[in-house]
Participant: 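There's a structure below that I have some questions on.
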Protein chains: 2
Amino acid sequence: MKFEIDHNSEESKYIQLHDRIITMIASGKLSEGDVLPSVREMAEILDINFHTVNKAYALLRDEGYVAMYPRIGTVIELSFNKKSRRTEIDRNIKLIAAKAKCMDMDVDELHRMIDSDYGRLVKKKN
Amino acid sequence: MKFEIDHNSEESKYIQLHDRIITMIASGKLSEGDVLPSVREMAEILDINFHTVNKAYALLRDEGYVAMYPRIGTVIELSFNKKSRRTEIDRNIKLIAAKAKCMDMDVDELHRMIDSDYGRLVKKKN
DNA sequence: CATTCTGTTATATTTATTATGTAACAGAAT
DNA sequence: ATTCTGTTACATAATAAATATAACAGAATG
């Protein structure tokens with residue numbers, strides 16, 4: 001399972017790539033120090049424009065997941081503002097909790113989902 | 001705390017309204033049978049165009065949160081496909097789990113967030 | 001029965017976002 | 001010197017979001 005996006009998804013391509021890389025970091029497929037394919041290489045891999053890749057990389061950089069070194073490359077380098085990351089996560093969870101509540105899904109079921117998804121990250125490193 | 005949106009948010013207005021109504025249903029501020037302000041009324045309340053309101057209402061209808069009766073009104077009426085709602089929630093949780101893992105947030109902390117946000121829905125009904 | 005209100009449809013325009021294309025730059029690496 | 005890097009600039013096209021104005025059909029109201 002490598003870099004890939006769904007060209008027919010309603011989710012924008014740069015967000016798909018952005019999310020994919022975060023997931024790969026979380027699951028250990030990408031580790032601190034790893035160098036991502038250059039924007040042009042990645043563009044060829046995914047068959048999209050390099051500006052779209054650059055947009056994804058720049059967003060990851062702004063959020064603190066990677067560092068972009070001109071004339072060197074884009075490197076996995078975790079340096080985020082934990083407070084703002086946490087705020088973002090909490091904002092997402094608030095909406096999820098609301099949706100779950102609407103369909104009578106109880107807290108325990110959400111916990112099980114979290115456990116399952118989080119646990120899957122820890123195990124699958126290939 | 002009533003209907004309101006942030007005109008300067010990066011989140012689109014119709015999504016803001018959509019999410020807001022879901023949250024109000026979850027917290028009990030809106031109950032099954034309640035009639036939402038008409039698209040034109042709501043448009044005036046939020047100072048946006050009625051087509052934008054219509055887009056939010058139509059999305060809520062397609063997802064099963066409300067029913068829209070021409071010449072009558074838009075009514076809170078929960079009738080969703082639980083499977084697809086559940087799939088959506090799980091997809092969101094997968095990404096949240098990944099983001100949390102990246103910043104060394106453990107599962108228990110996510111559980112506490114869920115508990116806090118979910119619990120807040122149950123209590124605050126005003 | 002005329003008026004009002006409802007979601008709905010139609011047409012149109014404007015603005016913002018997304019995605020692409022081509023070209024060039026500056027500097028590190030080889 | 002050549003290649004590769006992120007970066008910047010300029011440009012275009014397609015899509016999405018938001019607005020505006022107008023009209024329709026039918027229920028509700030007085």
Participant: Do any side-chain nitrogens or oxygens of R61(A) fall under 4.0 Å of OP1 or OP2 in dT7(D)?
Facilitator: yes

Participant: Could you check whether R120(B) pairs with D117(B) (Lys NZ or Arg NE/NH1/NH2 to Asp/Glu carboxylate O, under 4.0 Å)?
Facilitator: yes

Participant: Which nucleotide sits closest to the side chain of P70(A): dT9(C), dT19(D), dT7(D)?
Facilitator: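 When the side chain of P70(A) is considered, dT7(D) is the closest of dT9(C), dT19(D), dT7(D).
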
Participant: State whether S38(A) places a side-chain N or O below 4.0 Å from either non-bridging phosphate oxygen (OP1 or OP2) of dC4(D).
Facilitator: no

Participant: Report yes if a side-chain nitrogen or oxygen of K55(A) is closer than 4.0 Å to either non-bridging phosphate oxygen (OP1 or OP2) of dT18(C); otherwise report no.
Facilitator: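 It does, given that an N or O in the side chain of K55(A) lies less than 4.0 Å from OP1 or OP2 of dT18(C).
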
Participant: Once hydrogens and angles are ignored, does a donor-acceptor distance under 3.5 Å link the base of dT8(C) to the side chain of R40(B)?
Facilitator: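 Counting by modelled atom types and ignoring angles, a donor-acceptor contact under 3.5 Å is found here.
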
Participant: Any side-chain N or O of T52(B) less than 4.0 Å from the OP1 or OP2 oxygen of dT19(D)?
Facilitator: yes

Participant: Does dT29(D) have a Watson-Crick or wobble mate here (both distances under 3.5 Å), and if so which one?
Facilitator: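 Check on dT29(D): paired to dA2(C), both distances under 3.5 Å.
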
Participant: Please compare V39(B) and H7(A) by the position of their nearest nucleotide in DNA chain C and report the one closer to 5'.
Facilitator: V39(B)

Participant: Step by step, would you call L36(B) with I76(B) a side-chain contact (heavy atoms from CB on, under 4.5 Å)?
Facilitator: CA-CA 7 Å; L36(B) 291 174; I76(B) 306 295; 4.1 Å; yes

Participant: Can you check the R71(B) CZ to dG26(D) C1' distance for me, whole Å?
Facilitator: 5 Å

Participant: Looking for any heavy atom pair under 4.0 Å, which part of the strands does E10(B) touch: base, sugar-phosphate only, or nothing?
Facilitator: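 No contact.
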
Participant: Taking atom C1' of dG6(D) as reference, at what distance in whole Å does atom OH of Y57(A) sit?
Facilitator: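 Rounding to the nearest Å, OH of Y57(A) and C1' of dG6(D) are 11 Å apart.
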
Participant: When the ring planes of H111(A) and H111(B) are compared, do they come out parallel, tilted or perpendicular, using 30° and 60° as the limits?
Facilitator: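 Parallel.
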
Participant: Using heavy atoms to find the nearest nucleotide of DNA chain D for T74(A) and H51(A) separately, return the residue whose nucleotide is more 5′.
Facilitator: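 Its nearest nucleotide lies further toward 5', so the answer is T74(A).
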
Participant: With a 4.0 Å cutoff (strictly under), does any side-chain N or O of Y69(B) reach OP1 or OP2 of dT6(C)?
Facilitator: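 It does not, given that no N or O in the side chain of Y69(B) lies less than 4.0 Å from OP1 or OP2 of dT6(C).
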
Participant: Should we say atom CD of E88(A) is surrounded by more than 12 heavy atoms from elsewhere, each under 6.0 Å from it?
Facilitator: yes

Participant: Give the rounded distance in Å between these two atoms: CD of E11(A) and C1' of dT17(C).
Facilitator: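 In whole Å, dT17(C) C1' and E11(A) CD are 14 Å from each other.
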
Participant: Under the side-chain contact (heavy atoms from CB on, under 4.5 Å) criterion, do M113(B) and K94(A) qualify, and how do the steps go?
Facilitator: CA-CA 9 Å; M113(B) 272 191 177; K94(A) 274 184 165 55; over 6 Å; no

Participant: Using a cut-off of strictly less than 4.0 Å, decide whether N49(A) has a side-chain nitrogen or oxygen near OP1 or OP2 of dG21(C).
Facilitator: yes

Participant: In whole Å, what is the span from the CE atom of M42(B) to the C1' atom of dT8(C)?
Facilitator: 18 Å

Participant: When you check the phosphate oxygens OP1 and OP2 of dA18(D), does a side-chain N or O of Y14(B) lie under 4.0 Å from one of them?
Facilitator: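 Result: no.
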
Participant: Would you kindly give the CZ-to-P distance between F50(B) and dT8(C), to the nearest whole Å?
Facilitator: 11 Å

